[in-house]
There are 2 protein chains.
Amino acid sequence: MKTFTRPDLEIISLSTVMQALADPCRQQIVRALKEADDRGLACNEFDLEVSKATASHHFETLRNAGIIESRSEGVKCLSCLREKELNRRFPGLLGLVAAETQAI
Amino acid sequence: MKTFTRPDLEIISLSTVMQALADPCRQQIVRALKEADDRGLACNEFDLEVSKATASHHFETLRNAGIIESRSEGVKCLSCLREKELNRRFPGLLGLVAAETQAI
DNA sequence: AAAATAGTTCGATGAAATTCGAATTAATAA
DNA sequence: TTATTAATTCGAATTTCATCGAACTATTTT
């Protein structure tokens with residue numbers, strides 16, 4: 001069973017999170033997770049307009065930037081926003097993403 | 001005498017500004033301008049560790065993203081932060097850049 | 001055991017970004 | 001008018017990024 005990286009947010013730079021959140025598809029993922037419940041969402045529960053290979057890459061980018069965390073559950077991979085930690089490390093950042101209602 | 005683009009911030013997406021601010025060198029420019037007075041700073045008044053061609057490119061990127069504005073004054077090009085407008089369009093964004101004290 | 005499901009990984013491709021030196025432009029100073 | 005200063009533009013090299021199909025892995029269902 002796969003385990004996922006979960007970096008300490010203190011070692012994540014603003015450049016890294018900005019780079020990760022600059023992509024519209026990744027912003028869409030973050031907005032969906034902000035509305036989701038604590039259980040999180042599986043990769044195929046987002047309406048992403050990219051292939052599953054590309055989607056998988058976007059989830060990895062968000063994990064590496066400390067923005068989401070993922071866990072294997074059965075055959076699925078559930079992801080959650082690291083909301084509290086992000087709000088402490090980068091106050092206001094998630095609010096900006098949430099406020100941007102944008103067509104992809 | 002050169003004039004510079006100055007896009008309406010309403011048409012600038014979060015992706016565009018995040019992309020622009022993801023670069024450490026451009027963050028350095030923004031932080032310096034935040035400390036500068038209203039007159040702004042000329043391109044050679046930043047301690048950037050890149051060639052002047054590269055610096056010029058970074059200033060253009062920031063202008064196109066609506067983050068700074070520039071004007072010719074004699075032989076110099078003075079740039080200022082579009083701070084008020086940015087704080088209205090993307091509240092908290094400049095604060096994040098200012099808070100990040102980072103070696104390049 | 002075979003099939004279905006959900007993701008990941010690999011390898012390749014095309015697009016975009018970063019960087020620079022050299023040439024150029026425009027304004028000022030000598 | 002020539003030289004200097006400050007910055008832009010051009011062309012090219014390098015790197016990074018987004019994207020995909022195909023192959024693979026792991027889990028669950030039949």
Side-chain angles (χ1 to χ4, degrees), chain A residues 1-6 13 15-30 32-33 36 39-65 67-80 102-104, chain B residues 1-6 13-30 32-33 36 39-65 67-80 102 104:
Chain A
M1 188 177 75
K2 185 158 171 43
T3 60
F4 298 97
T5 181
R6 193 179 176 290
S13 70
S15 289
T16 298
V17 291
M18 290 245 181
Q19 161 70 25
L21 291 175
D23 185 277
C25 183
R26 292 193 287 258
Q27 284 181 27
Q28 185 188 339
I29 293 171
V30 168
L33 290 178
R39 183 178 155 277
L41 292 173
C43 297
N44 62 350
E45 294 183 279
F46 304 79
D47 278 343
L48 306 180
E49 286 172 346
V50 291
S51 72
K52 62 179 184 170
T54 301
S56 185
H57 156 70
H58 285 315
F59 285 105
E60 190 191 16
T61 300
L62 289 169
R63 276 193 300 269
N64 290 338
I67 296 168
I68 67 171
E69 58 192 331
S70 304
R71 66 185 190 282
S72 286
E73 194 163 292
V75 73
K76 297 196 169 177
C77 165
L78 295 176
S79 295
C80 298
Q102 132 189 64
I104 304 271
Chain B
M1 187 177 75
K2 184 158 172 45
T3 59
F4 297 97
T5 182
R6 193 179 176 290
S13 69
L14 183 62
S15 290
T16 298
V17 291
M18 289 248 181
Q19 162 71 25
L21 292 175
D23 186 276
C25 183
R26 293 194 287 258
Q27 283 181 26
Q28 185 188 340
I29 293 171
V30 168
L33 289 178
R39 183 179 156 277
L41 293 174
C43 297
N44 62 350
E45 294 182 280
F46 303 80
D47 278 343
L48 306 179
E49 287 172 346
V50 292
S51 73
K52 62 180 183 169
T54 301
S56 186
H57 156 71
H58 285 315
F59 285 106
E60 189 191 17
T61 301
L62 288 169
R63 275 193 300 271
N64 290 338
I67 296 167
I68 68 171
E69 58 191 333
S70 304
R71 67 185 189 283
S72 288
E73 194 164 291
V75 74
K76 296 195 171 180
C77 166
L78 295 176
S79 296
C80 297
Q102 132 189 62
I104 303 272

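Protein chains get the first letters and strands the later ones, always in sequence-line order, with residue 1 at the start of each.
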d(CD, B/Q19; C1', C/dA15) in whole Å: 13 Å
Distance, rounded to the nearest Å, where A/K2 contributes NZ and C/dT5 contributes P: 23 Å
Roughly how many Å is it from CG in B/N64 to P in C/dA17, rounded to a whole number? 11 Å
B/D23 atom CG is separated from C/dT19 atom P, nearest whole Å, by 6 Å
Would you kindly give the NE2-to-C1' distance between A/H57 and C/dT13, to the nearest whole Å? 14 Å
Give a yes/no on whether any side-chain N or O of B/K52 is located under 4.0 angstrom from OP1 or OP2 of D/dT9. no
By nearest heavy atom, map A/R26 and B/C77 onto DNA chain D; which one lands nearer the 5' end? B/C77
What is the distance, rounded to the nearest whole Å, between atom CD of A/E73 and atom C1' of D/dA26? 15 Å
Please determine which of B/R26, B/Q28, B/R63 meets the side chain to side chain donor-acceptor pair (under 3.5 Å) test together with B/H58. B/R26
Could you tell me whether A/E73 and A/R71 make a salt bridge, using a distance below 4.0 angstrom between a side-chain N and a carboxylate O? yes
Ignoring hydrogens and angles, answer whether the base of C/dA6 and the side-chain atoms of A/K76 contain a donor-acceptor pair closer than 3.5 Å. no
Does D/dT19 have OP1 or OP2 under 4.0 Å away from a side-chain N or O of A/T54? no
Need one value for A/E45: base, sugar-phosphate or nothing, where a base atom within 4.0 Å counts as base even if backbone is also close, heavy atoms only. nothing
Where the side chain of B/S51 is defined as all heavy atoms beyond and including C-beta, which of C/dC20, C/dT9, C/dT8 is the nearest nucleotide? C/dC20
Specify the separation, in whole Å, of atom CZ of B/F59 and atom P of D/dT9. 14 Å
If you look at every strand shown and take non-hydrogen atoms under 4.0 Å, does A/A55 touch a base, only sugar-phosphate, or nothing? nothing
OP1 or OP2 of D/dT5 versus the side-chain N and O atoms of B/N44: is any pair under 4.0 Å? no
Pick base, sugar-phosphate or nothing for A/H58, based on heavy-atom distances below 4.0 Å to the nucleic acid. sugar-phosphate
Can you tell me if A/Q27 and B/S15 form a side-chain donor-acceptor pair at under 3.5 Å? yes
Select one nucleotide: of D/dC20, C/dT5, D/dA6, the one nearest the side-chain heavy atoms of B/V75. D/dA6
Using the side chain to side chain contact (heavy atoms under 4.5 Å, CB included) rule, pick out the option among A/I67, A/I29, A/T61, A/T16 that qualifies with A/L21. A/I67
Nearest-Å distance for atom pair CG/C1', residues B/L62 and C/dA17: 14 Å
Search all heavy atoms of A/V17 against all heavy atoms of A/A65 and return the closest pair with its distance. CG1-O, 3.5 Å
When you match B/T61 and B/M1 each to their closest nucleotide on DNA chain C, which lands nearer the 5' end? B/T61
